[in-house]
Amino acid sequence: MAETKKLLRTLAGEVLDTPPIWMMRQAGRYLPEYRATRAQAGDFLSLCYNPELAAEVTLQPIRRYGFDAAILFADILLVPQALGADLWFETGEGPRLSTIGAQADFDRLKPVEAIHETLAPIYETVRILTRELPPETALIGFAGAPWTVATYMIAGRGTPDQGPAHALREGNPELFDALIARLTAATIEYLSAQIEAGAEVVKIFDSWAGSLKGEAFTKYALEPCREITQALKARHPGIPVIGFPREAGEGYVGFAKATGVDCVALDNSVTPNWAAAYVQLDGCVQGNLASSHMVTGGQALVDETRRIVDAFSEGPHIFNLGHGITPDADPANVQLMIDTVRGR
Ligand SMILES: Cc1c2[nH]c(c1CCC(=O)O)Cc1[nH]c(c(CCC(=O)O)c1C)Cc1[nH]c(c(CCC(=O)O)c1C)Cc1[nH]c(c(C)c1CCC(=O)O)C2
């Protein structure tokens with residue numbers, strides 16, 4: 001049967017009349033129905049590990065807006081937790097984890113095979129979604145890239161410059177490389193299990209790729225993404241992969257060819273005209289409206305949305321924000337963006 005889902009057609013290289021659209025963090029705190037379900041679950045992690053409720057919040061933005069894709073509701077930090085790290089969320093601040101600073105901390109981590117014990121509810125969420133999503137909606141699974149996940153495991157929290165991770169990378173490269181290798185192997189198993197449960201696309205989030213420069217970018221952003229992509233495609237022929245080396249700048253150029261990803265997701269620090277010329281020439285791109293427009297709205301939102309759609313109209317393009325939508329966004333602005341993209 002010919003593929004009918006717009007997102008999958010675009011990932012296969014087709015150029016459609018209007019690009020498919022979805023939004024990073026589309027299930028999130030800007031939606032009152034999300035806040036209600038999260039309260040019902042108790043807290044964020046309980047929501048992630050409750051398949052019925054995680055599927056419910058995944059479906060909420062599909063019901064409200066009819067996005068072309070749903071993204072599994074989970075978090076990139078569930079993998080460290082499945083490897084044995086302690087994980088909790090401080091209200092209003094963000095994630096906290098037990099830290100990895102020395103060999104003994106690494107030695108306490110569990111082997112890769114153990115992750116499914118913790119992550120089984122996530123696969124169940126995927127299975128529920130394969131039954132409940134509308135037939136035209138594609139289901140995206142995801143994981144964090146090894147470097148980004150390592151930055152949280154090493155520092156025990158989010159950091160503005162990923163300083164502790166860079167310090168370990170330079171000061172104890174054997175330990176750092178062992179951590180990256182463990183995360184790469186775990187990510188392959190995690191994404192593979194999501195695909196077996198029904199994910200039709202997977203996305204690798206490397207939110208802090210931009211702080212890796214030169215050879216470090218090649219070794220710790222590009223290379224792990226290549227390894228994960230190749231392993232997934234060997235096991236699941238034809239599975240489309242989206243890579244998101246956020247703020248990679250010139251590192252976006254040639255990223256798809258070097259890693260084998262089918263689509264490069266762009267943050268909004270690069271202009272659409274530049275990215276059309278230097279990144280989209282290799283294939284599909286995703287992005288890249290600044291998420292601040294979801295707060296401010298108005299004519300600027302409409303103009304910038306049109307500029308992005310036009311700039312990428314010659315090749316395959318998935319419309320998205322340049323980063324996740326923020327809790328202070330106005331749900332009406334999301335509708336305005338969608339109507340503008342779809343020409344209504
Ligand atoms: C770095 C990172 C994390 N998680 C993620 C990244 C990479 C992308 C990015 O750069 O944003 C990815 C992520 N996190 C979440 C998803 C679900 C799918 C989606 O809707 O995009 C995805 C794909 C849910 C979430 N993950 C989180 C929330 C908010 C939690 C809440 O409801 O209180 C959601 C909806 C929490 C989270 N999770 C993380 C942080 C730093 C935080 C706290 C910051 C914040 O509150 O926004 C780690």
Side-chain angles (χ1 to χ4, degrees), residues 21-50 53-62 64-65 67 69-81 85 87-97 122 125-126 129 139-153 155-160 162 165 187 190-191 194 199 201-211 221 242-248 265-269 286-287 291 294 318 320-329 334:
I21 177 169
W22 68 281
M23 208 172 58
M24 283 183 269
R25 292 276 172 98
Q26 62 192 19
R29 287 161 292 181
Y30 73 107
L31 288 180
E33 58 268 36
Y34 170 85
R35 296 193 299 268
T37 309
R38 189 184 145 198
Q40 192 189 337
D43 58 37
F44 172 66
L45 282 175
S46 309
L47 178 54
C48 290
Y49 288 115
N50 181 323
L53 295 183
E56 167 57 24
V57 293
T58 305
L59 290 162
Q60 285 168 350
I62 307 305
R64 187 190 266 256
Y65 297 115
F67 283 117
I71 183 160
L72 163 70
F73 189 84
D75 197 83
I76 67 165
L77 299 179
L78 305 185
V79 166
Q81 190 175 37
L87 171 69
W88 68 101
F89 280 79
E90 290 287 344
T91 318
E93 289 188 42
R96 295 289 183 274
L97 299 91
I122 311 305
T125 306
V126 174
L129 287 167
L139 177 57
I140 304 172
F142 75 92
W147 159 251
T148 287
V149 174
T151 66
Y152 288 93
M153 292 180 84
R157 59 192 299 159
T159 46
Q162 297 73 60
T187 304
Y190 181 43
L191 289 176
Q194 291 181 29
V201 181
V202 294
K203 178 168 173 184
I204 302 167
F205 283 83
D206 208 351
S207 302
W208 300 118
S211 80
I242 303 174
F244 183 32
R246 192 170 73 90
E247 293 190 359
L266 304 161
D267 71 274
N268 52 276
S269 70
Q286 176 179 285
S291 49
M294 298 300 101
I318 299 165
N320 205 306
L321 302 177
H323 200 189
I325 187 168
T326 51
D328 55 345
V334 175

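Both ligands and their constituent atoms are indexed starting at 1 by order of listing. This is a predicted model, so every value here is computed, not measured.
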Starting from [atom], find the nearest protein heavy-atom neighbour and note its residue, name and distance.
atom: atom 8 (C) of ligand 1; answer: Ser207 OG, 3.3 Å
atom: atom 37 (C) of ligand 1; answer: Phe89 CE2, 3.5 Å
atom: atom 30 (C) of ligand 1; answer: Phe44 CD1, 3.5 Å
atom: atom 12 (C) of ligand 1; answer: Ile76 CG2, 3.7 Å
atom: atom 46 (O) of ligand 1; answer: Arg29 NH2, 2.7 Å
atom: atom 20 (O) of ligand 1; answer: Arg25 CA, 3.0 Å

Go through ligand 1 atom by atom and flag the ones less than 4.0 Å from a non-hydrogen atom of [X].
X: Ala27; answer: 20 (O), 35 (C)
X: Phe73; answer: 35 (C)
X: Ala74; answer: 14 (N), 15 (C), 16 (C), 17 (C), 24 (C)
X: Tyr152; answer: 1 (C), 41 (C)
X: Gln26; answer: 20 (O)

Fill in: Nearest non-hydrogen partners of Ala143 and Thr187, listed with the distance
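That closest heavy-atom pairing would be CB-CG2, 3.7 Å.
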Response to the item:
Nearest heavy-atom approach of Cys48 to Ile122 is O-CD1, 3.4 Å
Candidate with minimal heavy-atom separation from [atom], of [options]:
atom: atom 22 (C) of ligand 1; options: Trp22, Phe142, Phe244, Tyr34; result: Phe142
atom: atom 14 (N) of ligand 1; options: Asp75, Leu72, Leu87; result: Asp75
atom: atom 41 (C) of ligand 1; options: Gly158, Ala143, Pro95; result: Pro95

Item to complete: Just say parallel, tilted or perpendicular for the rings of Phe44 and Phe73, cut-offs at 30° and 60°.
Response: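 Rings of Phe44 and Phe73: perpendicular, as their planes differ by over 60°.
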Worksheet item: Where does the angle between the aromatic ring planes of Tyr30 and Tyr65 fall among parallel (under 30°), tilted (30 to 60°) and perpendicular (over 60°)?
Response: parallel
Discussion item. Can a donor-acceptor pair be found, under 3.5 Å and without considering hydrogens, that links the side chain of Gln286 to the backbone of Phe244?
Written reply: no
Worksheet item: Is Gln194 reaching over with its side chain to a backbone N or O of Ala199, donor-acceptor style, under 3.5 angstrom?
Response: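 Side chain of Gln194 to backbone of Ala199, a donor-acceptor pair under 3.5 Å: no, none is there.
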Discussion item. Checking the N or O distance criterion of under 3.5 Å, is ligand 1 in contact with Arg38?
Written reply: yes
Discussion item. Between ligand 1 and Arg246, is the shortest N or O to N or O distance under 3.5 Å?
Written reply: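 Checking ligand 1 against Arg246, no N or O pair falls under 3.5 Å apart.
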Fill in: Electrostatic pair Glu33-Arg64, nearest N-O below 4.0 angstrom
yes
Worksheet item: His323: heavy atom below 4.0 Å from ligand 1, yes or no?
Response: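 It does, in that a heavy atom of His323 comes within the 4.0 Å cut-off of ligand 1.
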Practice prompt. Taking atom 27 (C) of ligand 1 as the reference point, report whether a protein heavy atom occurs under 4.0 Å from it.
Written response: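 So atom 27 (C) of ligand 1 has protein heavy-atom neighbours under 4.0 Å.
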Worksheet entry | side chain to side chain contact (heavy atoms under 4.5 Å, CB included) involving Arg25 - partner list, sequence neighbours excluded | Arg29, Ile325
Fill in: Contact partition for Met24 relative to ligand 1, non-hydrogen atoms under 4.0 Å
backbone
Discussion item. Taking CZ in Arg96 as the centre, count heavy atoms belonging to other residues, nucleotides or ligands within less than 6.0 Å. Is the count above 12?
Written reply: yes
Worksheet item: Which distance, rounded to the nearest 0.5 Å, do you find between the CD of Gln81 and the CE of Met153?
Response: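 Spacing of CD (Gln81) from CE (Met153) equals 11.0 Å.
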Worksheet item: So, Ser211 and Gln162: side-chain donor and acceptor under 3.5 Å apart, yes or no?
Response: yes
Item to complete: Sequence neighbours left out, what passes side-chain hydrogen bond (donor to acceptor under 3.5 Å, both in side chains) with Thr148? Give chain and number order.
Response: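 Counting only residues at least two positions away or on another chain, Thr148 forms a side-chain hydrogen bond (donor to acceptor under 3.5 Å, both in side chains) with Asp206.
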